[in-house]
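Read the structure below first, then the notes.
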Protein chains: 2
Amino acid sequence: MPSRLAAPPAHAGGPAFSPLYQQIKALLTREMQSGAWKPGQAIPSEHDLAQRYKVSQGTVRKAIDALAAENLVQRRQGKGTFVASHVEAQSQYRFLRLTPDQAQAAARTGGRSTTGAAGMARQLMGCQRQRAPADVARALGLKGSDAVVRLRRLLLAAAQPVVYDDIWLPGSLFKGLSAERVESYKGPMYGLFESQFGVHMVRAEEKIRAVAADTDSAGLLAIPVGAPLLSVERLSFTYQDRPVELRRGLYRTENFHYRNALA
Amino acid sequence: MPSRLAAPPAHAGGPAFSPLYQQIKALLTREMQSGAWKPGQAIPSEHDLAQRYKVSQGTVRKAIDALAAENLVQRRQGKGTFVASHVEAQSQYRFLRLTPDQAQAAARTGGRSTTGAAGMARQLMGCQRQRAPADVARALGLKGSDAVVRLRRLLLAAAQPVVYDDIWLPGSLFKGLSAERVESYKGPMYGLFESQFGVHMVRAEEKIRAVAADTDSAGLLAIPVGAPLLSVERLSFTYQDRPVELRRGLYRTENFHYRNALA
DNA sequence: ACGCATTTGTTCGTATGTATT
DNA sequence: TAATACATACGAACAAATGCG
């Protein structure tokens, strides 16, 4: 009997059991999901957790290693293990891959792209509540009758528009979200979601295309109709792979590029 | 005295030492780089390596774990640990992110995108040797007088051109590369490089933009001049972060998209 | 079909090193 | 300096997957 905690049912298809450290990992994840351990805060020490769950410290360590590999937590020698946060400087703009062309790539040297595409000016173009369009509802796992928040904004570099974002969020999770709250918040959008609404983005999937600017986007981004734009459709997930944001971005890439690392 | 193998010098800037398992990792990497352990082959067992290097099995294990995390090797329970290979079915087209739009995304379920953008027809448009242009030489770390191989090709889906690739390789590493060798090889380009020239691609960096088709690319890809195209500039590295390929790709994204996972 | 040897995977325990406060 | 927390290293035992006789 390999499991001493919650033994998963032995139904066909799924594994009849899972290693102890994965069960511990699931328990730790649940603590974060429930909000008991909040982003930026330290979780209990390995020694502490080992006692709490009656397992060896090495097993807790392996569970935490797995969480760290998925960027759910961050280990800091001598200090502790911290729940990942989009508010902290280290992991701010973690999901933003747009980079100025002339940014000296300190890519592999561990140099967090200090320049990045951060520090761009924000301009909110709209914040409305409405019923979810069919495609948005499908992506977010909502019913067509459910409410969503739609948020549109521009990012500008040197007074030039570079990014237009069209963001859709489940209304039930973002109750008091308003234009004022967005505009008054300093720092990345995901920091706002996390600190004000308790929704922490864990991972995302993007679909990228080249498209021609239509009249709307051309106007917003100050380019000719038909000019090429990078279209980035992002679906973001919180804990337990629950989709909580659909973001459609249009990027001008004359002076910026989307950087990606393949391994 | 933490190091029992090669103790790195304690010069300023670099760490005065490195953990044992990292030293083991470096030794293992050197075996692969030298060609002593070839892609697809099994490396010695953990027990074997532990004896060879006079360290514990756990230390070898941690070294191999690190290599596996970087996709340099692949572990298979009960069988052994194998040098990663672009020839094998599992990791074929590892660097290809272009996906048909209607491919049912088995993304997280572990389902290797069987559909993928594999199975596309290839059409070689040229294979020449020449002196390296300045920008290519800079990217590959060559002198302007060095020879390079330039390779151009189309990828077609349903008889429609989808991808145009312009590939630059250091001439010194790819001596007998010819159009015939490329056309007769079945399987991915990186499989050819690996099996025929002993150059294994370990990782890559990509810069992605939206561009308008010029007359050349419009003709090649059968689209109007000015149509939007995804421009993907890829720099690929072999062991020790040595750049060995510059690839400029243009993708039609009407029916395909570039998929990316953020974590 | 069965058992056995091999290899990686999991779990435990202990000791020591390094970073932080 | 001391206490705390993560990081490294060792050793041991058993489990699970594989392949072979």
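Numbered from 1 within each chain, the chains take letters A, B, ... in sequence-line order.
By the salt bridge (Lys or Arg N to Asp or Glu O under 4.0 Å) test, A:R247 pairs with A:D165, A:E245, sequence neighbours left out. Evaluation of the side chain to side chain contact (heavy atoms under 4.5 Å, CB included) rule for B:A139 yields B:L235, B:L246 as partners, not counting sequence neighbours. Among residues two or more places apart in sequence or in another chain, the side chain to side chain contact (heavy atoms under 4.5 Å, CB included) test is passed with A:E180 by A:S178. Scored by the side chain to side chain contact (heavy atoms under 4.5 Å, CB included) test, B:Q51 finds B:H47 as partners (sequence neighbours excluded).
Between the CD atom of B:Q74 and the P atom of D:dA17 there is a distance of 18 Å, given to the nearest Å. Rounded to an integer number of Å, the gap from A:L67 CG to D:dC6 P is 13 Å.
Nearest to the side chain of B:F17, among C:dT18, C:dC12, D:dC10, sits C:dT18.
Within the structure, no pair that satisfies the ring-ring contact (aromatic ring centres under 6.0 Å, His included) test touches residues 57-81 of chain A, not counting sequence neighbours.
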Report summary line: Expected string for nucleotides 3-10 of chain C under the B/S/- scheme (protein heavy atoms, under 4.0 Å, primed atoms plus P, OP1, OP2 as sugar-phosphate) is ----BBBB
